[in-house]
Amino acid sequence: MKRFTPSEIEPKWQKIWADDERYRAPDESDKPKYYVTGMFPYPSGAGMHTGHFFEHSIVDAVARYKRATGHNVMYPMGWDAFGLPAENYAIKTGTAPAVSTEQNIANFTNQLQRVGASIDWSREITTSHPDYYRWTQWVFTKFYERGLAYQKEASQWWCPVDKTVLANEQVEDGKCWRCGSEVEKKSMKQWFFKITDYADALLEETPALNWPEKIKTAQTNWIGKSDGIIYKNKVRDTDLEIESFSAHFEAFTANTFVVIAPDHPFLPALVDGVDNADEILAAAKEMVIKRDSEGPGSLANVEGIFTGRNAIDIFGDEDLPIWIANYALADYGTGIVLCSAHDERDFEFAQKYGIRLKPTMVPIDPIEAEKVKNLEYCFTDMADGVLIEPKAFEGKIAGSHRQEIVKYLEHEGYATSTIKYKMRDWLISRQRYWGAPIPVIHCEKDGAVTVPEKDLPVLLPEVEDYEPKGESVLASQHEWVNTTCPTCGGPAKRETDTMDGYACSSWYLLRYTDPQNDQAAWAPEKAKYWTPIDMYVGGDHAVAHLLYVRFWNHVFYDMGLVPTKEPVGQLVYHGLIQAEDGRKMSKSLGNVVDPLEVIDAGYGADALRTFELFLGPINENSNWSSKGIAGVHRFLNRVWTITQEYMEAEKGDGENTELTALQHKTIKKVTRDIERLSFNTAIAALMEYVNDLYKLKTSGFSNEWQAPIESLVQMVQPFAPHLAAELWQQLGHDGQLDFEAWPTWDEARTVADTITVVVQVNGKVRAKLEVAADASEDSVKEAALAEENVQKFIGDKKPTKVIYVPGRLVSVVVK
RNA sequence: GCGCGGGUGGUGGAAUUGGUAGACACGAGGGACUUAAAAUCCCUUGACCUAAACAGUCGUGCGGGUUCAAGUCCCGCCCCGCGCACCA
């Protein structure tokens with residue numbers, strides 16, 4: 001008998017698959033299309049780790065299952081190749097990022113081939129290649145034309161170590177996401193994409209997405225829509241007017257003071273003419289620095305500076321003193337807030353600085369209401385709070401009169417309703433070399449002009465020194481920088497910032513549909529066939545990437561380039577495979593498991609893949625186990641052995657309904673489990689199947705075993721494709737297993753002749769009995785009551801009720 | 001603080017609409033084969049009680065409840081993980 005040797009069969013089949021280009025997906029087919037892939041990786045120098053392998057074990061299992069069930073499957077692969085690590089490596093070693101990136105890609109590619117991933121390599125893309133970023137730049141110019149790309153002077157997060165601007169989501173706890181150093185604020189001219197224009201459109205589509213709830217919630221919160229109102233108040237002794245936003249305006253007459261953000265652009269004008277204006281501005285500046293370095297403060301450390309100005313109360317009450325407060329944000333709402341006794345921070349702030357407070361909403365309980373009136377605590381419960389003024393709303397529940405209050409405020413001319421979002425526009429410029437150059441030329445006469453399509457790509461020039469010096473390395477490439485204006489032909493300079501890597505990854509799923517197109521980013525009819533992607537698998541990026549792909553696709557939809565607003569159908573979010581010690585795998589902890597070492601140790605890629613899926617549910621974290629993989633290898637070996645034994649055995653004729661029931665039952669279970677991505681239980685079902693086949697084989701093989709053995713090989717294919725291909729061939733098939741039909745089950749044959757029925761007396765199991773599968777209800781009940789142990793517990797009482805759950809149990813109730 | 005998950009044997013985890021809790025696997029123990037070991041094959045393995053049981057008791061974070069029947073549903077708690085967090 002041949003031995004199971006992964007190190008022989010795996011390279012054999014990998015070569016066959018590569019030579020045949022077997023997994024190349026045609027752009028048209030009679031079969032339904034199925035587009036699936038994982039989030040393309042950044043090709044780091046460390047190579048693929050077990051986590052990457054995990055993602056591809058999932059994607060490949062799905063791709064292979066879908067192929068077997070008659071789909072035209074596209075499983076493409078690409079590289080998110082622009083980014084800081086390659087550039088930092090270049091700064092350290094002098095190796096051009098283009099060179100080190102290619103090496104890393106070669107390494108990743110080899111690793112993916114070694115696991116037998118059924119990738120359509122003809123669609124491979126690399127974001128740092130000019131034939132790709134040419135179209136990233138093209139998208140930029142289109143966005144610019146549509147008013148979705150713009151430049152503005154802005155105070156931005158700046159990493160002093162990486163010497164680059166960072167997007168909000170690249171700042172974690174006041175530290176740079178890459179190097180971990182403290183970030184600071186710096187004002188500079190930056191490019192933005194106007195994602196806020198699509199806030200509502202994105203929000204509207206979110207609930208219907210077939211995505212994990214937690215990601216949908218995260219995105220909804222990130223967009224952070226709130227409807228509220230805008231007040232306008234005149235500033236006493238000046239011609240100035242301030243605007244403030246309020247989303248919790250129910251107790252609107254409670255406002256007794258105003259706060260403004262310390263970095264608000266309006267602040268200098270506001271304090272102009274106040275005696276100690278300079279001191280105030282200096283203190284405000286200090287407040288900004290302190291806030292930026294210490295991060296957001298807590299309730300307990302609200303701080304303020306009086307501006308010396310007062311706003312005139314629109315409701316005709318006393319003036320509202322205007323304070324600078326550290327908790328007011330310049331870039332949310334209008335940066336100015338009317339404050340009241342019904343907000344915890346405002347309350348805290350007023351108490352600290354002795355500012356007048358006037359509660360106008362109280363609890364129903366009169367004792368509690370008195371406490372609120374006496375400012376013993378801050379009452380914020382809009383849902384249950386009773387308004388005590390103004391007259392028009394006296395005695396009404398604040399929360400349930402929101403709309404009436406808005407109407408009232410608008411009608412009386414006190415305020416206008418509006419909508420605000422937490423989400424800011426997407427800052428995309430980076431003062432970095434290793435990215436796609438922003439395709440803009442600055443001309444003295446014509447201003448910022450985008451590079452015409454015929455002149456794209458704006459190639460990234462080769463440089464000698466990668467060390468950034470406060471601006472992009474590109475700024476020192478004078479020959480590259482100095483150019484002519486495409487509009488007037490006069491001398492002009494190129495934009496030296498490059499685009500955020502997220503720009504490159506925001507459209508790559510579309511490029512996969514038409515990767516070699518040199519006339520367009522993609523042909524709309526290709527996108528029409530392939531998109532939206534049916535399944536997108538990843539374990540990272542709750543908001544950033546997953547919101548940006550949606551944003552871009554919405555724009556492309558408006559441009560008529562894609563068939564649907566949303567780019568991603570089902571999103572599958574997987575957990576991490578952690579180290580055996582339960583910690584995250586990391587080089588510094590020395591607990592990283594190298595997938596190729598596992599393969600080379602003799603377990604093979606099939607065992608590695610199967611084991612990763614067997615560890616637990618894919619959406620949860622699990623821990624690597626070196627013992628566990630041995631168990632899975634044992635299972636695959638048993639699949640191999642029983643198939644060999646079957647092929648070599650002398651086979652008689654014979655019927656075995658138990659065997660057939662087993663086969664059909666397992667096909668049903670495995671198919672359903674794969675459909676719901678419950679791979680661990682699908683594999684467990686296959687293990688159970690093999691264990692049962694081992695028991696049945698003790699009474700000899702017959703010709704009737706052919707179908708059960710073939711089903712086993714077919715079902716094992718998505719997990720252990722090399723083993724399955726080899727066995728399929730040995731079983732005498734010429735065809736390609738990947739495209740053979742998935743085994744189907746016949747419901748009628750999933751049930752054996754006899755079934756086990758449990759008998760409960762007062763909810764406790766007292767007996768089990770074997771009955772014919774087609775036994776009548778009455779006969780089962782009768783047999784159940786006749787059981788000795790059942791009789792023992794019934795005693796001389798009479799059953800008050802006998803319940804029969806078909807095929808499962810009989811429940812006897814005795815009182 | 002807000003949001004989303006989750007607490008089941010020594011371990012990872014099953015139990016799809018309430019219907020035999022612990023599938024499958026690891027680990028552990030025993031046996032077969034072998035000069036021996038590895039590999040392989042077979043058996044046992046929630047706790048308690050028991051000489052043993054296909055006899056019984058308990059058992060899915062804690063306390064109540066609904067039901068013939070609850071890991072699953074309801075009410076009230078405790079704990080853990082993750083994400084977001086000065087958004088007026």
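To find a chain, count down the sequence lines: A is the first, B the second, and so on, and within it residues start at 1.
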From the options [options], select the nucleotide whose nearest atom is closest to the side chain of [X].
{"X": "A/Arg676", "options": "B/rG19, B/rC24, B/rA15", "answer": "B/rA15"}
{"X": "A/Arg345", "options": "B/rC42, B/rC26, B/rC86", "answer": "B/rC86"}
{"X": "A/Asn691", "options": "B/rA14, B/rU20, B/rC24", "answer": "B/rC24"}
{"X": "A/Gln760", "options": "B/rA85, B/rC26, B/rU20", "answer": "B/rU20"}
{"X": "A/Met687", "options": "B/rC24, B/rG13, B/rG3", "answer": "B/rC24"}
{"X": "A/Val758", "options": "B/rU20, B/rG56, B/rG19", "answer": "B/rU20"}
{"X": "A/Arg638", "options": "B/rG3, B/rC68, B/rC41", "answer": "B/rC41"}
{"X": "A/Lys764", "options": "B/rC68, B/rU57, B/rC24", "answer": "B/rU57"}
{"X": "A/Tyr332", "options": "B/rG19, B/rC26, B/rC87", "answer": "B/rC87"}
{"X": "A/Trp222", "options": "B/rG56, B/rG19, B/rC84", "answer": "B/rC84"}

Using Watson-Crick or G-U wobble geometry with both distances under 3.5 Å, which nucleotide pairs with [N]?
{"N": "B/rC62", "value": "B/rG76"}
{"N": "B/rG56", "value": "B/rC48"}
{"N": "B/rC33", "value": "none"}

### Task
State, with a plain yes or no, whether a side-chain heavy atom of A/Leu547 is found less than 4.5 Å away from one of A/Met423.
yes
### Query
How close or far is atom P of B/rC26 from atom NZ of A/Lys627, stated in whole angstroms?
11 Å
### Task
May I ask you to say what A/Asn619 touches in the nucleic acid, namely base, sugar-phosphate or nothing, with a heavy-atom cut-off under 4.0 Å?
nothing
### Task
May I ask you to say what A/Lys792 touches in the nucleic acid, namely base, sugar-phosphate or nothing, with a heavy-atom cut-off under 4.0 Å?
sugar-phosphate
### Task
Hey, could you give me the CZ/CG distance between A/Phe719 and A/Asp606, rounded to the nearest 0.5 Å?
11.5 Å
### Atom P, compared across B/rU11 and B/rG7: separation rounded to whole Å
15 Å
### Message
Roughly how many Å apart are B/rC42 and B/rU17, using the P atom of each and rounding to a whole number?
### Response
34 Å
